[in-house]
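This report concerns only the one structure given below.
All residue numbers in this chain count up from 1 along the given sequence.
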Amino acid sequence: MDRQSSQPTLQTIAVVGLGTMGTGIAEVLTRAGREVIGIDISESATRTCVAALEAATARAVAKERLTEQERRDVLSRFRTFTDLQAAAHADLVIEVVPEDYALKSRVLAALDAIVRPDTLLATGTNALSVTRLAAESQRPERVLGVHFFNPAPAMKLVEVVSSVLTAPTAVEAVTALARELGKEPVAVGDRPGFVADGLLFGYLNQAAAMYEAKYASREDIDAAMKLGCGLPMGPLALLDLIGVDTARTVLEAMYAASGDRLHAPAPILGHLAEAGLTGRKAGRGFYTYEAPGSSVVVRDARTGLDEARLGEGRPVTSVGVAGSGTMASGIAQVFAQAGFDVVLAARSQEKADAAKAAIGKSLGRAVAKGRLTEEAAEQTLARIAPAASLDAFAEVDLAVEAVAEDLAVKQELFATLDKVCKPGAVLATTTSSLPVVACARATSRPQDVIGMHFFNPAPAMKLVEVVRTVLTADDVHATVREVCTRIRKHPVDCGDRAGFIVNALLFPYLNNAIKMVEEHYASLDDIDAAMKLGGGYPMGPFELLDVVGLDVSLAIEKVLHKEFRDPGLAPSPLLEHLVAAGCLGRKTGRGFREYARR
């Protein structure tokens, strides 16, 4: 067959390594009508694989996704062996043996001597160099990477990885196969982690380092990323699922290739791995599980304190909200819906009235959708008193500012609150990136000042980051935690440093995605697809950047870079250029993508 002029037909496929991933790939292939040769040196592994395939197809019949005849056909297309010689007549071989370079190299070298000259050889690695493995082959042009995601039957993404040596026809054939399997293939070049893991593992590493530094509890880090970003799992729980040892291996490979300190494995990953605390499979990792392999988390010595043990807070019945923008209106609505009397103060009566009117429209939409009764909406709106001055905060128990993200503006406001608010009132800032202590020092009562970082839109988002400074009083902290519960928000505790939890983990990930595009490694569409399909993210990084606003994103990245002084956090030049050109995302009609003007 002329490999340059025709595309190979991949009908008979060998899968080498019948662990969880190999078994999943075998199921996908057999159900798509391929003849599959399963190979593993362990007879026990081959039996387990067959049993898993029988169970999976039986479930499909029970759910009427397969007929009994179709199930028999699927099972008849799958044969298992313990010798690589069984792959002799395969059109494609996919190796998914353990992530060890020497082992993969030996397997591919052995296959070289067994398979036909036109057989494609694919490695399922997610961390090792495909180029290096290909270069050792007798026919490097037929070697490529095919990275499925776990569980393979459910996950749609397949990264098709080509080296500088890979023949285009090989890439085309495997890409076509992935589509025939009902997957969404993304073409990527050869670098550790490829797209999805390349972005994901840097983020996971930073979360591990954040926990190791005792900046926040494991529960709060995980809750913050689930509730603040809509992720299906928190980063530390995900590390336990992936395997702490596996994550460390991937990061070591990424760091060796990039030299980026963000990829240097956090020491805690090494400590846990060396202690055998590798996550769910060991029964203990960042969390402790009911048993090895279980997903049920049990309490241990690191489980956080109950709310009751935080101490007594201060009574809060009335709340002042300063500001007239979307965030201020949303926060005022949240407090009023929870039964608090709210004073909404803006720079003029007109602005305050407009903010209350915006809340009325928001409540009206909730009524129209059946989420709120008309009576409840009227009662909520009646609890909000618009005011033209902060003087109206004289009797509030809690004052929350949601004005412009400018330190001088906030400090001036806190100086005013200090004069206006009664003794014992709690003063809170909603800043997402500025030092809370700098706001506190603008008052004569820094012990009463705390951060309450709400997320936009405040009525819908459940997370509040509760930010203590070194000066915040214990009862102020207890007060805000209790108030968060009363307004049906989930509070997470963190210290007063740039980005708090969510932004400190989210924006380096977004910045790394931009760098991938800058380096022409992958397209915007492929990166967005990879993170949604492979990582379970509700939005791809470029969709999210355009929604947040490129100017806002750049400002946060600059704050993170200034605080942590890590070269890897330096904002991408492409982001700076787009902001300088006025391309700020959806709000301007153009950011990383163009949007129709409304």
With a sphere of 6.0 Å drawn around [atom1] of [X], does it hold more than 12 non-hydrogen atoms of other residues, nucleotides or ligands?
{"X": "R486", "atom1": "CZ", "value": "yes"}
{"X": "R497", "atom1": "CZ", "value": "yes"}
{"X": "E374", "atom1": "CD", "value": "no"}
{"X": "R302", "atom1": "CZ", "value": "yes"}
{"X": "E212", "atom1": "CD", "value": "yes"}

How many angstroms lie between [atom1] in [X] and [atom2] in [Y], if you round to the nearest 0.5 Å?
{"X": "T429", "Y": "M452", "atom1": "OG1", "atom2": "CE", "value": "11.0 Å"}
{"X": "L204", "Y": "R248", "atom1": "CG", "atom2": "CZ", "value": "16.0 Å"}
{"X": "D551", "Y": "L575", "atom1": "CG", "atom2": "CG", "value": "9.5 Å"}
{"X": "E543", "Y": "I527", "atom1": "CD", "atom2": "CD1", "value": "12.0 Å"}
{"X": "L505", "Y": "Y203", "atom1": "CG", "atom2": "OH", "value": "6.5 Å"}
{"X": "N126", "Y": "T246", "atom1": "CG", "atom2": "OG1", "value": "8.0 Å"}

Without swapping roles, check the side chain of [X] against the backbone of [Y] for a donor-acceptor pair under 3.5 Å.
{"X": "N205", "Y": "A264", "value": "yes"}
{"X": "D222", "Y": "L236", "value": "yes"}
{"X": "D260", "Y": "G568", "value": "no"}
{"X": "Y215", "Y": "G495", "value": "yes"}
{"X": "K489", "Y": "M461", "value": "yes"}
{"X": "E159", "Y": "A196", "value": "yes"}
{"X": "E290", "Y": "V298", "value": "no"}
{"X": "R314", "Y": "V426", "value": "no"}
{"X": "K356", "Y": "L381", "value": "yes"}
{"X": "R488", "Y": "T485", "value": "no"}

Residues pairing under salt bridge (Lys or Arg N to Asp or Glu O under 4.0 Å) where one sits in residues 455-472, two or more places apart or in two chains, turn out to be R468-D474
Indicate the ring-plane relationship of Y289 and Y287, choosing parallel, tilted or perpendicular according to the 30° and 60° boundaries. perpendicular
For a quick test of reading the model, state the closest non-hydrogen atom pair linking [X] to [Y] and the distance between them.
{"X": "A355", "Y": "L344", "value": "CB-CD2, 3.6 Å"}
{"X": "N456", "Y": "T326", "value": "OD1-CG2, 3.8 Å"}
{"X": "V367", "Y": "T373", "value": "CG2-O, 3.7 Å"}
{"X": "E401", "Y": "L413", "value": "CB-CD2, 3.5 Å"}
{"X": "D448", "Y": "A425", "value": "CB-O, 3.6 Å"}
{"X": "Q333", "Y": "L363", "value": "NE2-CD2, 3.8 Å"}

Contact between [X] and [Y] at the side-chain level, heavy atoms closer than 4.5 Å - yes or no?
{"X": "V343", "Y": "V319", "value": "no"}
{"X": "D493", "Y": "H477", "value": "yes"}
{"X": "D566", "Y": "L262", "value": "yes"}
{"X": "L238", "Y": "F286", "value": "no"}
{"X": "Q337", "Y": "T380", "value": "yes"}
{"X": "C494", "Y": "M210", "value": "no"}
{"X": "V186", "Y": "F194", "value": "no"}
{"X": "L227", "Y": "V502", "value": "no"}

Answer yes or no: is there an ion pair linking D300 with R284, defined by an N-O contact shorter than 4.0 Å? no
Any ion pair linking R586 and D546 (charged N to carboxylate O, less than 4.0 Å)? no
Could you please spell out the steps behind the side chain to side chain contact (heavy atoms under 4.5 Å, CB included) verdict for L506 and L544? CA-CA 10 Å; L506 174 64; L544 183 56; 3.9 Å; yes
Residue pair L239, M233: steps toward the side chain to side chain contact (heavy atoms under 4.5 Å, CB included) verdict: CA-CA 10 Å; L239 278 164; M233 289 184 82; over 6 Å; no
Does a donor on one side chain sit under 3.5 Å from an acceptor on the other, for T303 and R218? yes
Under 3.5 Å side-chain donor-acceptor pair for D397 and T317: yes
Take T469 and T472, measure what side-chain hydrogen bond (donor to acceptor under 3.5 Å, both in side chains) needs, and give me the verdict at the end. CA-CA 5 Å; T469 77; T472 304; 3.1 Å; yes
Output all residues satisfying salt bridge (charged side-chain N to carboxylate O under 4.0 Å, His left out) with E405, sequence neighbours left out; order by chain, then residue number. K410
Evaluate side chain to side chain contact (heavy atoms under 4.5 Å, CB included) for E412 paired with V403, printing each intermediate quantity in order. CA-CA 11 Å; E412 184 181 347; V403 299; over 6 Å; no
Strictly by ring pair (Phe, Tyr, Trp, His ring centres under 6.0 Å), give each pair with a member in residues 531-567 just once, sequence neighbours left out. Y509-Y537, F542-F592
So, applying side chain to side chain donor-acceptor pair (under 3.5 Å) with K281, which one of D245, D240, T20 is it? D245
I would like to know whether L471 and V437 meet side chain to side chain contact (heavy atoms under 4.5 Å, CB included); could you show each step before the answer? CA-CA 8 Å; L471 302 172; V437 75; 4.1 Å; yes
